[in-house]
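Below is one structure; the comments refer to it alone.
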Amino acid sequence: MIETRTSFDRIAMAILWLGILFILAPLWIALMSASHSYEHILRNGLAWYPGGHLVDNLIRVFTDTRIPVQMFNSLIVALMTAVGICILSFCTAFALVFLNLRFGWLVFATIFGTILLPVDIRVVPTYQVMSNIMEPFAALGLPVPQISLVNTHIGLALPAIAHGTGTFMLRQFFRTVPMDLARAARMDGAGALRFMWDVLLPLSRPALAALFVLMFLGGWTNYLWPLVASSTADMQTAVVGLARLATDGDSRAPDFPLMMAAASAVSLIPLTLIAVLQRFLVRGMALTEK
Amino acid sequence: MTQSPFRSRLIALLFLSPLILLTALFFYWPVAEAIRWSFFLEQPFGGGSTFVGLANFRRVLSDPEFWKSLKLTGIFMVTASVPAVLVPLVLAMAADRGLRTSRIARNVLVWPKGVAGASIGVIFGFIFNPFVGILTPLNQLWPGIWSPGTDGVDAFITLIVANLWNGIPFNFVILLAGLQALPDTYSKAAALDGAGPWRQALDIRLPLLAPQLFFVLVLEFTESIINAFGLIDTMTRGGPGGATTLLVYKIYADGFKGYDLSGASTQTVLLMILVLLIAAAQFLLMERRVKYER
């Protein structure tokens with residue numbers, strides 16, 4: 001039995017290393033290939049070892065492409081998405097769990113419905129709505145001006161904010177908070193807002209941090225919506241800009257080192273976030289299941 | 001659950017209305033519009049629209065291109081989801097042993113969560129490039145054996161690998177959390193009965209993980225056909241010869257490149273029905289499992 005245990009563990013260890021290798025290899029190849037010259041890659045193929053052109057290629061990314069301004073866009077959109085979702089879903093989940101609403105289930109069902117159909121499968125109508133968000137009011141006969149949020153930061157973030165995952169996660173979390181806490185607060189004379197601010201908010205800090213990290217990463221890595229909702233290069237997010245580098249090439253062979261340098265730059269912020277805030281991210285993902 | 005001592009209509013209204021308004025405007029309104037447009041023929045460049053009944057559906061459903069992309073969507077859903085669940089399952093069972101390596105693995109295996117599908121698509125597009133990529137030596141031995149630019153199957157494989165890479169974090173985290181939540185009394189009892197680690201893993205821990213496994217698989221069905229867009233747009237652009245034109249990609253191409261608003265809306269409605277059917281199946285089957293679980 002001792003023998004089978006060691007054989008099992010040895011295989012488990014090998015499997016884990018293979019998994020780690022599978023995750024790291026593409027990132028490693030991207031980074032290494034970003035450190036070689038265009039001619040070198042064309043002659044020798046992708047690189048497994050470092051070369052001397054990483055800084056050159058990164059400088060080219062930052063001077064010849066719009067990636068810098070696009071990374072700024074990504075940062076704004078990801079922050080807007082994460083902050084917006086944290087605030088809105090905290091308020092919504094609080095009202096649903098702690099305010100004894102008669103039609104709470106109806107509100108919850110309305111918001112939960114958004115989880116079923118992500119924006120990616122309804123881009124066409126969402127784009128039409130975003131290009132004139134006053135349309136429903138105009139349809140009612142109200143004299144309202146046309147307002148288009150296409151090609152704005154807020155327009156890029158809104159469909160992700162109008163989503164139920166955050167409310168769902170926080171609602172699950174709030175339901176694990178003992179109701180005696182609320183009753184104790186009430187007995188001490190606290191109102192609903194006071195309880196929310198002084199008791200619930202400090203308790204929710206880890207859950208909110210998990211939600212924030214998860215939604216920031218989502219905002220940064222979204223692709224289809226930012227692709228259609230931004231009409232100029234200066235409003236595109238970094239991921240869209242990177243993909244355009246790869247697909248808008250002219251007839252000569254694609255500039256792989258430049259693309260790989262851009263891919264490394266674009267993934268640097270979210271990857272750093274993951275490496276540092278790993279704990280919160282894992283908790284956030286585990287919360288979505290419940 | 002005991003009742004909360006708080007009650008305030010005003011606060012409820014204030015707190016609920018922003019999100020309800022946003023979901024109404026950016027979720028329910030677009031969904032309704034898609035349904036409405038699927039019954040109208042929209043002229044491009046703002047030429048007005050006319051009610052055409054079911055003509056749009058008739059047109060889409062008699063289009064072989066639509067059926068081809070629906071079939072490809074189904075094939076991708078199965079061939080991409082199965083590895084994207086099985087590989088994280090094996091990894092989670094290995095990490096569950098609490099070896100020293102599993103600490104590193106648990107950190108590194110969630111990294112893909114920070115890399116967009118489109119970004120890893122650009123990277124894998126380079127890695128699988130037939131002239132400079134990792135499989136170039138194969139082509140030197142047998143010219144033309146690896147050619148995702150002209151061979152639909154090769155192109156499909158690149159998408160499946162990239163989708164697996166992207167899908168590992170979520171599925172791994174959920175499955176590992178499920179394994180670690182299992183009470184170890186079962187394993188201890190099995191060990192007393194003389195079951196080795198293989199036996200314990202396959203006959204006790206794996207069957208007990210069935211609920212999480214099922215959850216992850218059904219979620220992956222929808223996730224894979226959505227995540228596919230970023231991969232397709234950067235790796236294959238729907239080609240070669242439409243071999244990777246899944247429905248999400250076709251809708252995008254019809255709506256934003258072909259300016260066929262009615263056709264794209266009609267296909268959107270059909271895709272939404274498909275996704276809702278998957279969700280309904282998930283719901284029904286989950287209900288059933290809850291009944292026999294405890």
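Reckoned from all heavy atoms, side chains included, excluding hydrogens, waters and symmetry mates. Here is how names work: the chains are called A, B, and so on, in the same order as the sequence lines, proteins then strands, and each is numbered from 1.
Within the model, atoms CD1 of B:Ile168 and CD1 of A:Ile23 stand 4.0 Å from one another, a figure rounded to the nearest 0.5 Å. Atom-to-atom distance recorded for A:Leu24:CG and B:Trp111:CH2 is 6.0 Å, nearest 0.5 angstrom. Distance check, rounded to the nearest 0.5 Å: CE of B:Met272 to CG of A:Leu117 gives 6.0 Å. Taking CG from A:Leu16 and CD1 from B:Ile104, the interatomic distance works out to 9.0 Å, rounded to the nearest 0.5 Å. Of the inter-residue distances, the one linking B:Asn227 atom CG with A:Leu224 atom CG reads 11.5 Å to the nearest 0.5 angstrom. The structure places CG of B:Leu25 at 6.0 Å from CD1 of A:Ile133, a figure rounded to the nearest 0.5 Å.
The two atoms that bring A:Tyr223 and B:Thr234 nearest to each other are OH-CG2, 4.4 Å, heavy atoms only. The two residues B:Ile127 and A:Pro26 have their closest heavy-atom pair at CD1-CA, 3.6 Å. Closest of all the heavy-atom pairs between A:Ala95 and B:Phe15 is CB-CB, 4.1 Å. Shown here for B:Tyr28 and A:Gly113, the closest heavy-atom pair between the two residues is OH-CA, 3.9 Å. The two residues A:Ile15 and B:Ala94 have their closest heavy-atom pair at CG2-CB, 4.1 Å. Shortest non-hydrogen contact noted between B:Gly114 and A:Leu217 is CA-CD2, 4.2 Å.
In this structure, A:Gln278 contributes its side chain and B:Arg106 its backbone to a donor-acceptor pair below 3.5 Å.
Proximity to chain A is absent for every atom of B:Arg100, based on heavy atoms less than 4.5 angstrom apart. With a 4.5 Å cut-off on non-hydrogen atoms, B:Phe172 does not touch chain A at all. Interface residue B:Val161: backbone and side-chain heavy atoms are both found under 4.5 Å from chain A. Looking at B:Ala34, the atoms closer than 4.5 Å to chain A (heavy atoms on both sides) sit in the backbone and in the side chain alike. For a residue to count as touching a neighbouring chain, one of its non-hydrogen atoms must lie under 4.5 Å from one of that chain's; by this rule B:Tyr252 touches chain A with the side chain only. Interface remark: B:Ile120 contributes side-chain atoms only to the contact with chain A (heavy atom separation under 4.5 Å). Heavy-atom distances place the side chain of B:Val248, and not its backbone, under 4.5 Å from chain A. Proximity to chain A (any heavy atom under 4.5 Å) is restricted, for B:Val275, to the side chain, taken from C-beta onward. Interface residue B:Val108: backbone and side-chain heavy atoms are both found under 4.5 Å from chain A. B:Asp233 touches chain A through backbone and side chain together, each having a heavy atom under 4.5 Å away. Contact annotation for B:Ala201: only side-chain heavy atoms (C-beta onward) come within less than 4.5 Å of a heavy atom of chain A. Of the two parts of B:Ser102, the backbone and the side chain both hold a non-hydrogen atom closer than 4.5 Å to a non-hydrogen atom of chain A.
Interface summary for chain A: among B:Leu14, B:Ile134, B:Asp96, the most heavy-atom pairs under 4.5 angstrom belong to B:Ile134. Most heavy-atom pairs under 4.5 Å with chain B, from the set A:Leu273, A:Leu193, A:Ile161: that is A:Leu193. Ranked by non-hydrogen atom pairs under 4.5 Å with chain A, the options B:Val110, B:Leu164, B:Leu271 are led by B:Val110. With respect to chain B, the highest number of heavy-atom pairs below 4.5 Å among A:Ala263, A:Gly191, A:Ala275 belongs to A:Gly191. For the options A:Ile41, A:Leu88, A:Leu116, A:Thr110, heavy-atom pairs under 4.5 Å to chain B are most numerous at A:Thr110. When the candidates A:Cys91, A:Ala93, A:Ala185 are compared by the number of heavy-atom contacts under 4.5 Å with chain B, A:Cys91 comes out ahead. Interface summary for chain A: among B:Ile226, B:Asn107, B:Val173, B:Leu109, the most heavy-atom pairs under 4.5 angstrom belong to B:Asn107. Per-residue counts of heavy-atom pairs under 4.5 Å with chain B were compared for A:Thr167, A:Ile269, A:Thr114; the largest is that of A:Thr114. Considering only heavy-atom pairs separated by less than 4.5 Å from chain A, the leading option among B:Ala264, B:Ala95, B:Ala279, B:Gly121 is B:Ala95. Note on B:Phe124, B:Trp37, B:Phe26, B:Phe126: by heavy-atom pairs under 4.5 Å with chain A, the leading option is B:Phe126. The candidate with the highest count of non-hydrogen atom pairs below 4.5 Å against chain B, out of A:Ala12, A:Pro270, A:Ser33, is A:Ala12.
With a 6.0 Å radius and a threshold of 12 heavy atoms from other residues, nucleotides or ligands, B:Arg103 has its CZ atom at or below the threshold.
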Margin query: Go through it in stages, so that I can follow the logic: the residues are A:Leu214 and B:Lys113, the test is side chain to side chain contact (heavy atoms under 4.5 Å, CB included), and I'd like the CA-CA distance, side-chain angles, deciding distance and then a yes or no.
Written below: CA-CA 9 Å; A:Leu214 210 58; B:Lys113 193 80 195 161; 4.1 Å; yes
Note to self: Applying side chain to side chain contact (heavy atoms under 4.5 Å, CB included) to A:Leu27 and B:Trp165, what does each step give before you reach the verdict?
What the structure shows: CA-CA 11 Å; A:Leu27 301 176; B:Trp165 194 89; 3.9 Å; yes
Notebook entry, point to check: When you look at A:Met260 and B:Val122, which way does the side chain to side chain contact (heavy atoms under 4.5 Å, CB included) test go after all the steps?
Noted result: CA-CA 8 Å; A:Met260 293 305 118; B:Val122 170; 4.1 Å; yes
Next item on the list: List the steps, then state whether side chain to side chain contact (heavy atoms under 4.5 Å, CB included) holds for B:Arg9 with A:Arg102.
Entry: CA-CA 10 Å; B:Arg9 289 246 176 90; A:Arg102 198 177 314 152; 3.9 Å; yes
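A ring-centre distance under 6.0 Å is found for B:Phe256 and A:Tyr127. Residues A:Phe98 and B:Phe6 place their aromatic rings such that the two centres sit no closer than 6.0 Å.
When side chains are defined from C-beta on, B:Phe229 does not count as touching A:Asp120, because their heavy atoms never get closer than 4.5 Å. In this structure, the side chains of A:Leu158 and B:Leu22 come closer than 4.5 Å at one or more pairs of heavy atoms. The closest side-chain heavy-atom distance from A:Met196 to B:Ile11 is not below 4.5 Å. When side chains are defined from C-beta on, A:His163 does not count as touching B:Phe27, because their heavy atoms never get closer than 4.5 Å. A:Phe103 has its side chain out of reach of B:Leu16: every pair of non-hydrogen atoms, C-beta onward, lies at least 4.5 Å apart. Inter-residue side-chain proximity for A:Phe195 and B:Pro5 is flagged as unmet; no heavy-atom pair is nearer than 4.5 Å.
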